[in-house]
Amino acid sequence: MHSYRTHKCNELRKSHVGQQARLSGWIHRIRDHGGVLFIDLRDTYGVTQCVVDQDSPLLEAAGKWRNESVITVTGKVKARTPETVNAKMPTGEIELYIDEATLQSPAAVIPFQIAEDDGAGEDVRLRHRYLDLRREKMQRNIRLRNAVIFGLRKRMWETGFQEFQTPNLTASSPEGARDYLVPSRLHPGKFYALPQSPQQFKQLLMVAGFDRYFQVAPCFRDEDGRADRLAEHYQLDVEMSFVTEQEVHDTMTPVIKGLFEEFADWTGTKHKVEWLPKLTYKDAMLKYGSDKPDLRNPLVITDVTEVFARADVTFNAFKGYIAKGGCVRAIRVPQVASQPRSFFDKLNSWAQGEGAPGLGYIAFETEEGKGPIAKFVAPEAQKRLRDLTGISNGDVVFFVCNTEAEANKLAGAARDRICDDAGLREKGVYKFCWVVDFPMYEFDERAQKIEFSHNPFSMPQGGLETLEKTDPLQILAHQYDCVCNGFEISSGAIRNHRPDIMEKAFALAGYPKDVLERKFSGMLNAFRFGAPPHGGCAFGIDRLVMILAHEPNLREVNAFVMNGQYEDPMMNAPSEPTAEQLKDLHIRLDLPKQKKTEAA
RNA sequence: GCGGGAGUAGUUCAGUUGGUUAGAACGCCGCCCUGUCACGGCGGAGGUCGCGGGUUCAAGUCCCGUCUCUCGCGCCA
């Protein structure tokens with residue numbers, strides 16, 4: 001007989017009755033009845049009830065075994081009597097009568113419960129992550145993650161892509177987020193950077209002629225954490241040669257759609273997968289107030305500036321903004337006119353918390369609008385408002401007025417808030433779409449200059465000619481995102497493979513030629529030796545898993561993660577280097593005055 | 001860097017207008033129990049109330065400072 005097991009803990013059934021079997025696993029629970037003792041033995045596959053009965057010499061020893069100890073048990077599989085069958089367990093028709101048992105590894109008293117969710121806080125869970133990972137939910141999440149990664153790899157290979165590897169010790173690249181730096185021992189004073197993404201390498205693979213690349217790529221960014229952000233995360237990184245923007249979408253849509261269809265019901269609730277028509281960035285910002293709209297939210301924003309600019313509308317608070325070039329946005333909410341006053345008051349104080357003066361509204365219980373600002377809007381203007389926003393009786397329109405950027409932002413946030421307050425968000429569906437036509441540049445208010453709005457490697461729409469003739473802030477890029485249920489799950493672009501266009505593009509953002517040559521010499525040189533037009537995208541794998549697992553943050557779908565401050569309380573990372581290490585690296589620390597001293 | 005929330009037993013939490021010995025549940029330890037499957041019963045141990053200072057006859061509770069966790073903003077694919 002095998003030293004540890006003949007079966008897994010989910011395997012034994014009625015058909016095994018009478019056989020000798022051996023199981024190994026963790027003690028999930030023990031129920032000691034004095035004369036008879038039940039052990040629920042758990043491994044990653046399932047749980048089997050094992051019995052120590054009255055005449056067993058093991059009875060006394062087994063009664064002292066603590067939960068989560070590892071044991072091996074050997075004995076006969078017996079059928080349970082009809083009244084003791086547990087229909088809730090797959091193995092509930094049988095039990096293993098223990099003849100022999102070995103305590104392989106006793107468990108100390110555990111800091112939180114494994115068999116049930118005791119609500120233990122995240123810091124304790126992370127400090128003992130190996131215990132946390134034993135819990136059923138985490139086992140399921142990590143298994144889902146593994147299956148998602150396999151599902152992506154399989155689909156990518158089937159679609160004609162090859163999986164590549166690229167360096168993790170590389171050069172800092174000046175765009176985007178802050179880099180993690182790694183000091184070089186051989187080159188005092190110089191540092192490698194961990195890649196924020198393999199962006200340049202995958203483009204170089206296109207120049208090398210590999211045509212279709214993908215990688216499950218680790219990406220590192222030294223920025224403050226969020227629920228949907230980690231210091232290191234994984235992307236399904238993709239790049240293709242000789243393709244149009246549309247072909248990138250057409251290639252990746254079935255991969256992601258197929259993946260979601262495969263795992264849609266993972267949590268046990270039926271989910272539809274809907275891929276909606278693509279949306280321009282401009283429309284997304286106007287209609288949803290976000291470049292990653294949650295399309296399960298049925299509310300739509302409309303521009304109604306013209307109504308509040310009319311002479312027969314006397315709401316001066318808005319007129320002031322309009323005079324300064326601002327705009328008014330309306331959110332029509334169906335059938336909430338009869339909501340109690342508190343519904344509107346709550347939204348109003350929410351808006352004030354967001355920094356707005358309030359959230360004005362007109363309620364159209366009947367043809368005639370009511371509410372705090374209705375009296376400033378003449379009947380004719382109300383008629384126009386009804387036409388613009390598509391109001392029926394019983395609806396309410398909420399208003400936001402500010403500069404265009406601010407109005408979009410607040411209207412977008414209000415759209416989400418009202419949706420949840422009114423319980424309008426559609427359930428049981430994953431709604432995807434591509435958001436396209438992102439602007440090439442934006443005005444950086446702080447630096448008071450034009451900057452790349454996404455990554456500088458994107459091809460401007462219209463190429464060189466557009467760059468030369470158009471107001472930079474009006475130029476669109478072949479830059480797109482993929483959005484699911486309000487999460488940005490992918491970002492990508494057709495790349496700029498032409499040194500001449502690149503030079504112009506950087507010049508518009510205020511970078512002279514020598515800066516470009518210095519910072520991107522590797523890639524720029526490559527483009528001078530015959531570069532294929534190419535483009536691609538990268539999907540955030542952790543986010544895909546988080547959405548499929550219905551988890552509120554990325555830490556729930558990663559086996560080992562750091563806390564919100566990017567510290568690992570289990571491994572004690574980051575930690576202080578030894579003097580020897582620092583000497584090797586020629587580094588002397590210059591720490592801030594306030595020195596944190598931690599108790600051991 | 002900024003703002004919201006939190007910090008009391010191993011864990012999750014309660015703790016009144018400041019008042020005498022700080023509680024509950026789960027876990028842990030001991031005893032009892034032959035059919036449970038979230039077993040049950042009896043008993044017990046376990047607390048720097050995050051830390052430091054202050055007010056007070058008296059502080060878990062009030063004040064000041066500080067640290068930590070968490071969510072968000074800034075930042076960032």
Side-chain angles (χ1 to χ4, degrees), chain A residues 28-41 47-56 59 63-64 66-68 78 80-89 91-92 95 97 107-128 131-132 175-179 196-197 199 219-231 233 235 237 291-292 353-355 409 413 435 438 445-446 452-455 458 479-483 487-493 537-540 542-543 552-553 555 563-565 567 569 594 596-599:
Chain A
H28 194 58
R29 284 197 181 92
I30 291 193
R31 290 175 296 282
D32 186 350
H33 288 249
V36 63
L37 181 149
F38 301 97
I39 297 174
D40 288 342
L41 191 68
V47 175
T48 302
Q49 174 165 289
C50 305
V51 184
V52 181
D53 73 359
Q54 52 182 340
D55 19 306
S56 171
L59 198 57
K64 296 198 188 322
R66 230 178 259 128
N67 284 351
E68 295 307 312
K78 293 192 184 176
R80 297 202 200 181
T81 59
E83 67 275 15
T84 60
V85 163
N86 185 345
K88 286 183 281 183
M89 291 170 76
T91 59
E95 54 200 1
Y97 267 68
V109 175
I110 48 179
F112 50 81
Q113 298 309 298
I114 310 297
E116 51 210 282
D117 183 7
D118 61 0
E122 226 178 10
D123 43 346
V124 198
R125 291 174 56 205
L126 290 182
R127 195 153 47 243
H128 303 278
L131 293 180
D132 188 39
E175 98 288 359
R178 208 173 287 120
D179 287 312
Q196 295 181 26
S197 74
Q199 181 64 38
C219 302
F220 305 87
R221 293 188 182 128
D222 185 6
E223 298 290 347
D224 289 3
R226 287 288 186 283
D228 64 349
R229 235 190 273 165
L230 297 171
H233 71 281
Q235 289 185 342
D237 197 36
D291 60 357
K292 46 178 177 172
E354 296 288 305
K409 204 170 141 190
V435 179
F438 275 78
E445 294 289 345
R446 229 178 11 166
F452 289 109
S453 69
H454 267 68
N455 97 42
S458 301
Q479 167 82 44
Y480 39 82
D481 281 359
C482 182
V483 172
F487 291 98
E488 178 196 313
I489 57 166
S490 174
S491 189
C537 57
F539 284 83
D542 311 86
R543 285 186 185 169
N553 72 61
R555 295 186 291 275
N563 65 18
Q565 271 62 245
E567 295 164 316
Q594 270 181 321
K596 272 193 281 181
T597 37
E598 276 181 36

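Every chain is numbered from 1 and lettered A, B, ... according to where its sequence line falls, protein lines coming before strand lines.
The nucleotide B/A25 finds its pairing partner in B/U11, both defining distances of the Watson-Crick or G-U wobble pair being shorter than 3.5 Å. Base-pair partner of B/G46: not found among the strands shown (Watson-Crick or G-U wobble, both distances under 3.5 Å). Nucleotide B/U20: unpaired (no Watson-Crick or G-U wobble partner with both distances less than 3.5 Å). Across all strands shown, B/C75 remains unpaired; no Watson-Crick or G-U wobble contact has both distances below 3.5 Å. In this entry B/G52 has B/C64 as its Watson-Crick or G-U wobble partner, both defining distances falling under 3.5 Å. Using N1 to N3 plus N6-O4 or O6-N4 for Watson-Crick, or N1-O2 and O6-N3 for G-U wobble, each under 3.5 Å, B/G40 pairs with B/C32.
Nearest to the side-chain atoms of A/P111 among the listed nucleotides B/C75, B/C37, B/G10 stands B/G10. Proximity note for A/A177 (side chain, C-beta onward) versus B/C37, B/U70, B/C76: the nearest is B/C76. Side-chain proximity of A/F38 to B/G35, B/G10, B/A77: nearest is B/G35. Listed candidates were B/U12, B/A77, B/G27. Nearest to the side chain of A/S491 is B/A77. Nearest to the side chain of A/V124, among B/A77, B/C76, B/U12, sits B/U12. Checking B/A77, B/C71, B/U36 against every side-chain atom of A/Q49, the shortest atom distance belongs to B/U36.
Considering only side-chain N and O atoms, A/R66 lies under 4.0 angstrom from the phosphate OP1 or OP2 of B/C29. Distances shown here put every side-chain N or O of A/K292 at or beyond 4.0 Å from the OP1 or OP2 atom of B/A77. Contact annotation: A/H33 side-chain N/O to B/G35 OP1/OP2 distance is under 4.0 Å. Of the side-chain N and O atoms in A/R226, none sit less than 4.0 angstrom from OP1 or OP2 of B/C76. For A/Q565 and B/C69, the shortest distance from a side-chain N or O to OP1 or OP2 is below 4.0 Å. Contact annotation: A/R31 does not reach the phosphate of B/U36 (side-chain N/O to OP1 or OP2, under 4.0 Å).
Summarising the geometry, the separation between CG on A/D123 and P on B/C71 is reported as 11 Å, rounded to the nearest angstrom. Distance A/N86 CG to B/U36 C1': 10 Å, rounded to the nearest Å. The separation between A/D291 atom CG and B/C76 atom P is 14 Å, rounded to whole Å. Rounded to an integer number of Å, the gap from CG of A/L37 to C1' of B/C33 is 12 Å. Taking atom CG on A/L41 and atom P on B/C37, their separation rounds to 19 Å, with Å as the unit. For the pair A/K88 NZ and B/C39 C1', the interatomic distance rounds to 12 Å; values are reported in whole Å. Whole-Å rounding puts the A/D32 CG to B/C31 C1' distance at 11 Å. Computed from coordinates, the A/R221 CZ to B/G74 C1' distance equals 18 Å when rounded to whole Å.
Straight-line distance between the C1' atoms of B/C75 and B/U68: roughly 22 Å, to the nearest whole Å. Going from the C1' atom of B/U17 to that of B/G60 covers 16 Å, rounded to whole Å. With P as the reference atom, B/U11 and B/U70 are 16 Å apart, rounded to whole Å. One P atom belongs to B/C2, the other to B/G74, and the distance between them is 16 Å to the nearest Å. As rounded to the nearest Å, B/A38 and B/A25 have C1' atoms that lie 13 Å from one another. Distance noted for atom P between B/G10 and B/G5: 27 Å (whole Å). B/U16 and B/G50 have their P atoms separated by 14 Å, with the value rounded to a whole Å. Taking atom C1' on both nucleotides, B/G18 is separated from B/C49 by 15 Å, rounded to a whole Å.
Residues A/R29 and A/G492 each lie close to RNA chain B; by heavy-atom proximity, the contact nearer the 5' end of the strand is made by A/R29. Two residues, A/G564 and A/H233, neighbour RNA chain B, and the one matched to the more 5' nucleotide by heavy-atom proximity is A/G564.
Put simply, the side chain of A/R543 never gets that close to the backbone of A/I489: no donor and acceptor are under 3.5 Å apart. One N or O on the side chain of A/D118 and one on the backbone of A/Q113 form a donor-acceptor pair closer than 3.5 Å. In terms of modelled atom types and a separation under 3.5 Å, the side chain of A/Q235 and the main chain of A/S197 share no donor-acceptor contact. The main-chain N or O of A/D222 is found under 3.5 Å from a side-chain atom of A/R178 such that the two form a donor-acceptor pair. One N or O on the side chain of A/T91 and one on the backbone of A/V47 form a donor-acceptor pair closer than 3.5 Å. With hydrogens and angles ignored, the 3.5 Å screen pairs no side-chain donor or acceptor of A/S490 with any backbone N or O of A/D481.
For B/C76, its base sits under 3.5 Å from the side chain of A/R229 at one donor and acceptor pair at least. Side-chain N/O atoms of A/E116 and base N/O atoms of B/G27 include no donor-acceptor pair closer than 3.5 Å. A donor and an acceptor atom never sit less than 3.5 Å apart when one is taken from the side chain of A/N67 and the other from the base of B/G27. A/R80 contributes a side-chain N or O that forms a donor-acceptor pair with the base of B/U36 under 3.5 Å.
In this structure, A/E122 reaches the sugar-phosphate backbone alone: every heavy-atom distance under 4.0 Å involves primed, P, OP1 or OP2 atoms, never a base. Contacts of A/A227 with the nucleic acid, taken as non-hydrogen atoms under 4.0 Å apart, involve only primed sugar atoms and P, OP1 or OP2. Residue contacts for A/D222: at a heavy-atom cut-off of 4.0 Å it reaches no nucleic acid atom on any strand shown. Here A/E95 lies in heavy-atom contact (under 4.0 Å) with a base. Contacts of A/F452 with the nucleic acid, taken as non-hydrogen atoms under 4.0 Å apart, are absent. In this structure, A/G34 reaches the bases: a heavy-atom distance under 4.0 Å links it to at least one base atom across the strands shown. Counting any heavy atom pair closer than 4.0 Å across all strands shown, A/G92 reaches no nucleic acid atom. Residue A/R125 is out of contact with every strand shown, counting any heavy-atom pair closer than 4.0 Å. Within 4.0 Å of A/D118, counting heavy atoms only, lie sugar-phosphate atoms of the nucleic acid but no base atom. Across all strands shown, A/E488 has heavy atoms under 4.0 Å from base atoms, whether or not it also approaches the sugar-phosphate.
The pair A/R31-A/D40 counts as a salt bridge, with a side-chain nitrogen and a carboxylate oxygen less than 4.0 angstrom apart. Using a cutoff of 4.0 Å between basic side-chain nitrogens and carboxylate oxygens, A/E223 and A/R229 are not scored as salt-bridged.
A stacked arrangement is not assigned to A/F112 and the six-membered base ring of B/U11, the conditions of a centre distance below 5.5 Å and an interplanar angle below 30° not being jointly met.
The shortest side-chain heavy-atom distance between A/V435 and A/K292 does not fall under the 4.5 Å cut-off.
Expressed to the nearest 0.5 Å, how far CD of A/E122 lies from CG of A/N553 amounts to 5.5 Å.
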